[in-house]
Protein chains: 2
Amino acid sequence: MTSTDHTSTDTSTDGGTDGGTDGGTDGGTDGGATKGAAGLRPTRQRLAVSAAMETFSDFRSAQEIHQLLTRRGDTVGLATVYRTLQRLADAGEVDRVLTEGGEAVYRSCSTSHHHHMVCRVCGTTVEIEGPEVEDWAHRVAEQHGFTDVSHTLEIFGTCTACA
Amino acid sequence: MTSTDHTSTDTSTDGGTDGGTDGGTDGGTDGGATKGAAGLRPTRQRLAVSAAMETFSDFRSAQEIHQLLTRRGDTVGLATVYRTLQRLADAGEVDRVLTEGGEAVYRSCSTSHHHHMVCRVCGTTVEIEGPEVEDWAHRVAEQHGFTDVSHTLEIFGTCTACA
DNA sequence: GCTCGAGTTGACAACGATTCTCAGCACCAA
DNA sequence: TTGGTGCTGAGAATCGTTGTCAACTCGAGC
């Protein structure tokens with residue numbers, strides 16, 4: 001998994017996929033998907049996905065979240081789940097990270113810059129701040145002449161419950 | 001992209017996919033794919049892939065490497081490229097990391113524990129060691145009661161040539 | 001209330017990276 | 001030569017994700 005860098009001003013380099021379904025219909029406004037920003041509607045589906053994100057603290061895949069919604073009686077199309085999660089991630093309200101197999105998983109998170117420490121057995125996830133790491137990353141980048149620097153970091157281990 | 005943690009003793013959690021093509025025919029021996037270890041043969045294809053890995057220093061996808069091989073006149077099947085790269089990665093001879101889109105990319109690397117600083121424009125990659133980060137990660141993990149700790153870290157920026 | 005335009009949905013189709021399948025090949029020891 | 005094991009690769013299959021588009025929803029303006 002890769003942690004999400006909330007302070008990064010990275011724009012996605014996957015132009016081919018990020019044009020996506022919503023590309024043509026977006027007003028281009030950056031706002032929270034559920035916050036009534038111009039052009040964005042708080043639809044039942046979006047509210048349901050947002051609410052579902054608050055019910056777990058580990059990382060879940062879009063399909064898992066879709067199933068969770070169905071079990072809650074909040075039927076939302078899978079494509080809509082993906083879209084909504086992408087919106088939430090773009091808005092910094094959820095973290096999107098990748099499993100080792102390349103699958104995207106999501107988790108509600110705080111908006112400050114942080115990293116994740118994840119139990120490799122049960123998935124329990126702890127948010128961690130690391131000023132030392134920020135300092136180090138920027139220092140190292142300067143040494144090599146890199147500018148506009150961002151980073152991702154993830155810690156794995158076995159939590160006390162699973163040890 | 002996610003950096004590879006060479007000192008990690010993680011075993012893959014993707015049981016479904018890692019049984020793979022080679023599962024049935026492997027002797028189960030862990031050795032360098034090109035090093036004549038018991039049960040593993042230095043086939044033309046494996047040698048070609050290994051040699052190709054030494055011709056570039058940025059991260060390349062399996063398909064890019066496949067094309068590179070073809071252009072060199074070393075025709076190797078795509079499935080074989082994937083398999084061989086997986087072998088090399090398992091042996092710690094190449095780094096396998098994921099792009100933001102979830103695609104696996106590979107690069108020849110040193111076997112010591114290191115991280116990558118990658119130019120987001122041209123892909124130039126610099127290997128970096130970070131003892132401070134190791135210390136920090138272990139300290140933080142201890143604070144939260146995590147054991148058997150590993151981590152991934154990647155730095156992105158714009159290199160001097162692209163700035 | 002009606003119309004229109006913009007936003008959005010969702011089932012199904014499509015995509016693309018990756019892995020599986022299996023007949024056939026390669027190699028080596030007996 | 002035989003038998004066993006390792007390996008290949010083209011095409012099939014897999015799977016997470018995204019595209020498509022008809023239909024729906026909503027709100028502004030008349």
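Letters go in sequence order (proteins before strands), and every chain restarts at 1.
- Proximity note for A79(B) (side chain, C-beta onward) versus dG16(D), dA10(D), dT20(D): the nearest is dA10(D).
- When rounded to the nearest whole Å, the span between CG of L98(A) and P of dG16(D) equals 14 Å.
- Counting to the nearest Å, the P atom of dA12(D) and the CG atom of L78(B) are 15 Å from each other.
- Between Q45(A) and the phosphate of dT8(C), there is no side-chain N or O to OP1/OP2 separation shorter than 4.0 Å.
- For E103(A), taking side-chain heavy atoms from C-beta onward, the closest of the listed nucleotides dA17(C), dG16(D), dT8(D) is dG16(D).
- For the pair T43(B) and dG6(D), the criterion of a side-chain N or O lying under 4.0 Å from OP1 or OP2 is not met.
- In this model, a donor atom of one side chain and an acceptor atom of the other lie less than 3.5 Å apart for S61(B) and E64(B).
- Between Q63(B) and the phosphate of dG16(C), there is no side-chain N or O to OP1/OP2 separation shorter than 4.0 Å.
- Between Y82(A) and dT18(D) there is no side-chain N or O to OP1 or OP2 distance below 4.0 Å.
- Under 3.5 Å, the side chain of R83(A) and the base of dG10(C) form at least one donor-acceptor pair of N or O atoms.
- A salt bridge does not link R139(A) to E132(A): none of the charged side-chain nitrogens sits closer than 4.0 Å to a carboxylate oxygen.
- With hydrogens and angles disregarded, a donor-acceptor distance shorter than 3.5 Å links the side chain of R107(A) to the backbone of S57(A).
- For the pair L69(B) CG and dT8(D) P, the interatomic distance rounds to 12 Å; values are reported in whole Å.
- Between Y106(B) and H66(A), the residue anchored closer to the 5' end of DNA chain C is H66(A), taking for each the nucleotide with the nearest heavy atom.
- As rounded to whole Å, 16 Å separates atom P of dG16(D) from atom CZ of R60(A).
- The distance from atom CD of Q86(A) to atom P of dT9(C) is 14 Å, rounded to the nearest whole Å.
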Between the protein and nucleotides 24-30 of chain C, which nitrogen or oxygen pairs come in under 3.5 angstrom?
none

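- Panel note: side chain E127(B), backbone S110(B); a donor-acceptor pair is recorded below 3.5 Å.
- Closest approach to the T80(B) side chain among dT8(D), dG10(C), dT18(C) is made by dT8(D) (side chain taken as heavy atoms from C-beta onward).
- For L47(B) and dC7(D), the CG to P distance is 12 Å, given to the nearest whole Å.
- In this view, T124(A) satisfies the side chain to side chain donor-acceptor pair (under 3.5 Å) rule with no residue, not counting sequence neighbours.
- For the residue pair T80(A) and R46(A), no side-chain donor N or O sits within less than 3.5 Å of a side-chain acceptor on the partner.
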Test log, rule salt bridge (charged side-chain N to carboxylate O under 4.0 Å, His left out), inputs E100(A) and R120(A): CA-CA 12 Å; E100(A) 187 165 325; R120(A) 59 170 68 90; over 6 Å; no
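- In this structure, D90(B) places its CG atom 11 Å from P of dT19(C), rounding to the nearest Å.
- dT17(D) atom C1' lies 10 Å from atom CZ of R96(A), rounded to whole Å.
- Considering only the side chain of R44(B), dG9(D) comes nearest among dG9(D), dT18(C), dT8(C).
- T147(A) places no side-chain N or O within donor-acceptor distance of the main-chain N or O of G145(A), the cut-off being under 3.5 Å.
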